[in-house]
Amino acid sequence: MSGEQEGVFGSQNNYQVTSAHSGTEDSIYNIIVKEKKMFPSMYHFFALGLVYGILHNKKSEKTRGGDIIRIDNISDEKTRDVINICYMSLNDGRNQTEIVSEMMSFADGGIEALYEIYEKNGSFQIPMLIEDSKDIWTKRVKQLHNINIEGL
C-alpha cells in the first residue's frame, strides 16, 4: 500500500489506540480481556468493537483517556488488516487524524454495544454476530461515502 492507500500503519503519526473503557480495574476491557479471557489482547477486542461499531453505526461520545497500544505496535497481521480495512472504509477524503479519531469513537461504541450483549446473555458468540451482520454490510457500506469504492 502506498500514499492514501497506506492506511494507519506506517503513518508518521503513529497513533495511540485509546478508549473510554480501559485503564481501570472495572473497565470493559479489563473485564472482557483480563478477567474473562475472551480475547488474547485488548487490541483484538478493540478491532472487534471497531468493526461492530462501524457496522451498527454506534459511536461513543465518552472521553477517551485509557491507552491500549500504539497502533504500529499491533503485531497480529490479521488484526492490522481489519483495522486498515476499517480505516479505508471510513476514508471519505478527510485527513487521517479525523478518520482515526472517528475510528476510536466507533470502537468505543462497538465495545459498549458488545458489553450490553455480554451483560444480557453472559457472553457473546462471534460467529452469531458475523452471521447477523451479513445483510447489514451492503447497506452500511453505501452510507459511508467512501472514496475507495466510488463507482461501484
Side-chain angles (χ1 to χ4, degrees), residues 7-11 13-92 94 96-149:
V8 294
F9 295 95
S11 166
N13 296 316
N14 193 13
Y15 298 100
Q16 181 73 30
V17 176
T18 59
S19 175
H21 304 292
S22 67
T24 62
E25 264 188 54
D26 61 346
S27 73
I28 294 173
Y29 276 95
N30 280 342
I31 292 167
I32 297 296
V33 178
K34 293 183 178 176
E35 287 180 26
K36 303 298 179 185
K37 301 192 184 313
M38 295 173 75
F39 293 87
S41 73
M42 287 199 265
Y43 68 77
H44 286 95
F45 189 36
F46 162 80
L48 176 61
L50 175 59
V51 171
Y52 197 84
I54 292 171
L55 174 63
H56 293 281
N57 200 18
K58 302 261 185 205
K59 284 187 189 178
S60 177
E61 300 303 324
K62 294 181 180 175
T63 303
R64 296 182 305 271
D67 291 342
I68 295 174
I69 190 171
R70 293 206 71 72
I71 204 153
D72 272 350
N73 290 344
I74 295 173
S75 59
D76 182 78
E77 197 63 36
K78 290 177 184 164
T79 303
R80 290 172 67 98
D81 289 344
V82 166
I83 294 168
N84 256 336
I85 289 167
C86 290
Y87 171 80
M88 288 187 291
S89 296
L90 295 173
N91 187 351
D92 57 3
R94 292 173 290 160
Q96 190 176 59
T97 302
E98 289 177 57
I99 296 168
V100 170
S101 178
E102 185 175 48
M103 288 172 64
M104 301 303 160
S105 294
F106 274 124
D108 273 358
I111 294 298
E112 291 164 9
L114 290 167
Y115 192 66
E116 284 178 25
I117 293 168
Y118 171 80
E119 285 187 312
K120 181 180 176 186
N121 302 323
S123 69
F124 50 86
Q125 305 223 341
I126 294 174
M128 291 176 72
L129 294 175
I130 292 169
E131 187 62 33
D132 293 344
S133 70
K134 286 181 180 177
D135 295 332
I136 301 170
W137 269 121
T138 306
K139 296 175 203 160
R140 181 70 179 119
V141 166
K142 291 177 184 174
Q143 296 170 349
L144 293 173
H145 306 291
N146 179 283
I147 64 172
N148 298 302
I149 60 168

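Along the sequence shown, residues are numbered consecutively beginning with 1.
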Inset, instruction - Mind checking the CD1-CD spacing from I117 to E119? Nearest 0.5 Å is all I need. - result: 11.0 Å

Inset, instruction - Would you name the heavy atoms of I68 and S22 that are closest together and state the gap between them? - result: CG1-OG, 3.8 Å

Inset, instruction - Please round to the nearest 0.5 Å and tell me the distance separating atom CD1 of I74 and atom NE2 of H44. - result: 9.0 Å

Inset, instruction - State the CG-CD1 distance between L90 and I99, to the nearest 0.5 angstrom. - result: 7.0 Å

Inset, instruction - Report the C-alpha distance between D92 and R94 in whole Å, list the side-chain angles of each, state the deciding distance to 0.1 Å, and finish with yes or no for salt bridge (Lys or Arg N to Asp or Glu O under 4.0 Å). - result: CA-CA 6 Å; D92 57 3; R94 292 173 290 160; 2.7 Å; yes

Inset, instruction - List the atom of A20, the atom of D108, and the distance in Å for their closest heavy-atom pair. - result: N-OD2, 2.8 Å

Legend entry - Nearest heavy atoms of G49 and I111, plus distance in Å: CA-CD1, 3.8 Å

Inset, instruction - Indicate whether any N or O donor in one side chain lies under 3.5 Å from an N or O acceptor in the other, for T24 and D26. - result: yes

Legend entry - Donor-acceptor contact below 3.5 Å, side chain S101 vs main chain T97: no

Inset, instruction - Run the salt-bridge test on K34 and E25 with the 4.0 Å N-O cut-off and return the result as yes or no. - result: no

Inset, instruction - Work out which heavy atom in Y29 is nearest to a heavy atom in S19; give both atom names and the distance. - result: CE1-OG, 3.3 Å

Legend entry - Non-hydrogen atoms of Q16 and M104 that approach each other most closely: O-CE, 3.8 Å

Legend entry - Spacing of I28 atom CD1 and Y115 atom OH [to the nearest 0.5 Å]: 6.5 Å

Legend entry - Spatial distance of atom CD1 (I69) from atom OG (S75) [nearest 0.5 Å]: 7.0 Å

Legend entry - Y87 side chain near I71 side chain, heavy-atom distance below 4.5 Å: no

Legend entry - is_close_aromatic(Y43, F46), centroid dist under 6.0 Å: no

Inset, instruction - Check the pair M38 / Y118 against side-chain contact (heavy atoms from CB on, under 4.5 Å), numbers first and verdict last. - result: CA-CA 11 Å; M38 295 173 75; Y118 171 80; 4.0 Å; yes

Legend entry - Main-chain N/O of D72 paired to N14 side chain as donor or acceptor, under 3.5 Å: yes

Legend entry - Donor-acceptor under 3.5 Å (Q96 side chain, G7 main chain): yes

Inset, instruction - Quick one: closest heavy-atom pair of S41 and V33, and the distance? - result: C-CG1, 3.7 Å

Inset, instruction - Could you tell me whether the side chain of K58 reaches within less than 4.5 Å of the side chain of E112, counting heavy atoms only? - result: no

Legend entry - Option among L50, V17, I54 that satisfies the side chain to side chain contact (heavy atoms under 4.5 Å, CB included) test with M103: L50

Inset, instruction - Mind checking the CD1-NZ spacing from I31 to K36? Nearest 0.5 Å is all I need. - result: 8.0 Å

